[in-house]
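See structure below.
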Protein chains: 2
Amino acid sequence: MGGPRFEPVRTVRAYERIVEQIEEAIESGALGPGARLASERELMVQFSVSRSTVREALRVLQSRGLVRSRPGDPNGAEVLPFSPAALHKSMTTLARVAELSLSELVQFRMVLDAAALLLAARLRTEEQLEEMAAAVERMKEADRDTFSDADVAFHDVVARASGNKLIQVCTDVVRSVVVGLIAGKIAAAPDEEALMRRSIAHHEEVLAAVRAGDGPLAARLFRRSVYDYYAGYVPEEERIALQALLE
Amino acid sequence: MGGPRFEPVRTVRAYERIVEQIEEAIESGALGPGARLASERELMVQFSVSRSTVREALRVLQSRGLVRSRPGDPNGAEVLPFSPAALHKSMTTLARVAELSLSELVQFRMVLDAAALLLAARLRTEEQLEEMAAAVERMKEADRDTFSDADVAFHDVVARASGNKLIQVCTDVVRSVVVGLIAGKIAAAPDEEALMRRSIAHHEEVLAAVRAGDGPLAARLFRRSVYDYYAGYVPEEERIALQALLE
DNA sequence: CGGAATTTGTACGTATGTATG
DNA sequence: CCATACATACGTACAAATTCC
């Protein structure tokens with residue numbers, strides 16, 4: 001009675017311990033991109049577990065985008081450079097199981113890209129400004145297929161210019177999630193040509209604001225442009241939520 | 001020559017096919033939270049693969065937070081309700097391998113929570129407003145340990161009131177990532193009491209703005225408050241990036 | 001309360017296709 | 001082309017854990 005307070009023990013699987021150790025080595029930088037893990041047979045000796053256990057751990061690491069293993073590779077699994085694939089995957093899952101509405105996704109994109117613009121207007125270099133201008137030029141000359149590529153390129157430069165890697169990755173992830181999820185929902189726009197022309201005009205205005213260093217203006221113009229583009233696809237009752245971001 | 005153009009085939013692992021099928025069933029809602037998968041032995045018959053292959057698939061699904069399996073459970077693996085754990089994990093990994101700076105993380109939090117405030121000021125119910133007020137009251141009476149709980153509770157209500165589930169989940173994830181990562185970096189503040197008092201005052205101002213329906217003001221006040229709190233910990237040269245969000 | 005039945009966790013062996021030198 | 005080492009996948013076996021009678 002009154003002895004030491006023991007804590008409940010959570011039995012932790014063998015493969016989990018392996019995942020933890022390798023993950024720690026990668027995240028701490030001890031194992032950089034391109035580095036090789038030992039072969040599965042060696043790993044089972046090092047961790048003194050069976051082959052199955054090693055393999056289960058490797059599968060988890062692989063699903064998190066940290067390593068990749070190929071059959072026949074004389075070296076072991078390869079440590080991969082960081083990729084937002086895992087983040088992309090979990091956000092897509094979130095979008096599907098939480099049944100996110102189109103307006104929620106669009107709203108999120110408005111928030112993140114507007115923030116990127118706000119920062120980019122202050123922090124962009126001359127070179128990045130030129131890249132943005134070049135992307136807008138490509139939008140003008142693009143056809144239906146290459147238009148969105150140029151659009152993505154523009155916002156990609158903006159995100160890079162924001163100087164925030166987290167914003168850069170997340171804008172990219174969110175944009176592709178949005179595009180992927182609405183691809184089916186949105187029937188091909190009847191007046192696609194008109195939409196493209198208006199989008200180009202909007203991008204030129206946004207670019208001018210970034211060039212002038214007016215971040216709030218650039219962000220405002222962008223939000224308006226996104227609203228104009230998607231409002232028609234969003235149910236009436238969800239539109240007020242989008243409008244709340246237009247001030 | 002000139003025959004049909006064949007496409008390169010990407011060999012896809014057996015376990016991947018299993019993951020895809022079960023994932024699809026869960027994300028489409030065919031398998032809801034609480035549902036049970038067949039036992040591993042049954043699954044190996046259904047998919048006509050070996051047990052190891054089934055297990056590798058289950059491990060991946062488990063690491064994505066979709067299912068959970070316990071030893072001895074006569075039912076199969078359990079389908080879990082959605083949890084942002086996977087999102088949290090990938091964002092933590094991103095933060096570590098991309099070596100995100102404190103200012104990048106704080107900046108991201110400023111963006112997301114400010115957006116939540118902007119929306120909440122318009123869309124909040126009276127009930128939510130009362131919850132926010134109650135959280136602020138708890139901050140006043142809190143000690144060092146419970147203070148941040150009340151703080152989190154406040155922002156959690158705000159995120160819910162934003163009406164955007166994506167924003168709600170992401171603010172939560174980002175906040176805990178920030179807290180987790182700076183826990184070690186930041187030495188216990190010497191003037192913790194003063195910081196707490198100022199934080200309470202800021203929250204009262206923010207709450208008043210939300211009550212008045214002035215989203216932009218609430219967002220501005222919040223960004224300023226976050227800046228004041230963290231600026232001292234951020235290297236001089238990174239501060240301008242944070243200041244860019246204060247307009 | 002206890003023991004039987006079932007399931008997961010883990011170990012081990014083997015066959016096969018593949019990449020490297 | 002061959003030899004080697006590897007990942008992939010299969011099958012069996014047993015221990016530990018859980019449920020149910």
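Quantities reported herein were computed from a predicted structural model and do not represent experimental measurements. Sequence lines set the chain letters: A, B, ... in the order given, protein chains first and strands last, and positions in each chain run from 1.
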Would you confirm whether [X], through its side chain, and [Y], through its main-chain N or O, come within 3.5 Å as a donor-acceptor pair?
X: Asp156(B); Y: Ala159(B); value: no
X: Ser48(A); Y: Val45(A); value: no
X: Gln128(A); Y: Thr125(A); value: yes
X: Glu141(B); Y: Arg138(B); value: no

Indicate, with a heavy-atom threshold strictly under 4.0 Å, whether [X] touches base, sugar-phosphate, or nothing.
X: Ala14(A); answer: sugar-phosphate
X: Arg68(A); answer: nothing
X: Arg70(B); answer: sugar-phosphate
X: Glu40(B); answer: sugar-phosphate

Whole angstrom value for the distance that separates [atom2] of [N] from [atom1] of [X]:
X: Arg41(A); N: dG13(C); atom1: CZ; atom2: C1'; result: 11 Å
X: Tyr15(A); N: dA11(C); atom1: OH; atom2: C1'; result: 17 Å
X: Arg55(A); N: dG9(C); atom1: CZ; atom2: C1'; result: 17 Å
X: Arg36(B); N: dT6(C); atom1: CZ; atom2: P; result: 18 Å
X: Asn75(A); N: dT4(D); atom1: CG; atom2: P; result: 18 Å
X: Arg13(B); N: dG17(C); atom1: CZ; atom2: P; result: 15 Å
X: Glu78(A); N: dA19(C); atom1: CD; atom2: C1'; result: 14 Å
X: Glu56(A); N: dA9(D); atom1: CD; atom2: C1'; result: 14 Å

[X] vs [N]: side-chain N/O to OP1/OP2 distance below 4.0 Å:
X: Arg59(A); N: dA9(D); result: yes
X: Ser52(A); N: dG9(C); result: no
X: Thr53(B); N: dC10(D); result: yes

Subject >> Side-chain ion pair, Glu56(B) and Arg59(B), N-O less than 4.0 Å >> reply: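 Salt bridge absent between Glu56(B) and Arg59(B).
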Original post:
Which parts of residues 43-51 of chain B get close to DNA chain D, meaning a heavy atom less than 4.0 angstrom away?
Top reply: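 Those residues whose heavy atoms fall under 4.0 Å from DNA chain D, taken from residues 43-51 of chain B in numerical order, are Ser48(B), Val49(B), Ser50(B), Arg51(B).
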Subject >> Heavy-atom pair with the smallest gap, counting every atom of Pro84(A) and Val173(A) >> reply: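 Pro84(A) and Val173(A) have their closest heavy atoms at CB-CG2, 4.0 Å.
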**OP:** Under the side-chain hydrogen bond (donor to acceptor under 3.5 Å, both in side chains) rule, what do Glu27(B) and Thr93(A) come out as? Steps first, then yes or no, please.
**Re:** CA-CA 7 Å; Glu27(B) 290 184 2; Thr93(A) 301; 3.1 Å; yes
Original post:
Would you say the base of dC6(D) and the side-chain of Ser69(A) have a donor-acceptor pair closer than 3.5 Å?
Top reply: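 No, the side chain and the base share no sub-3.5 Å donor-acceptor pair.
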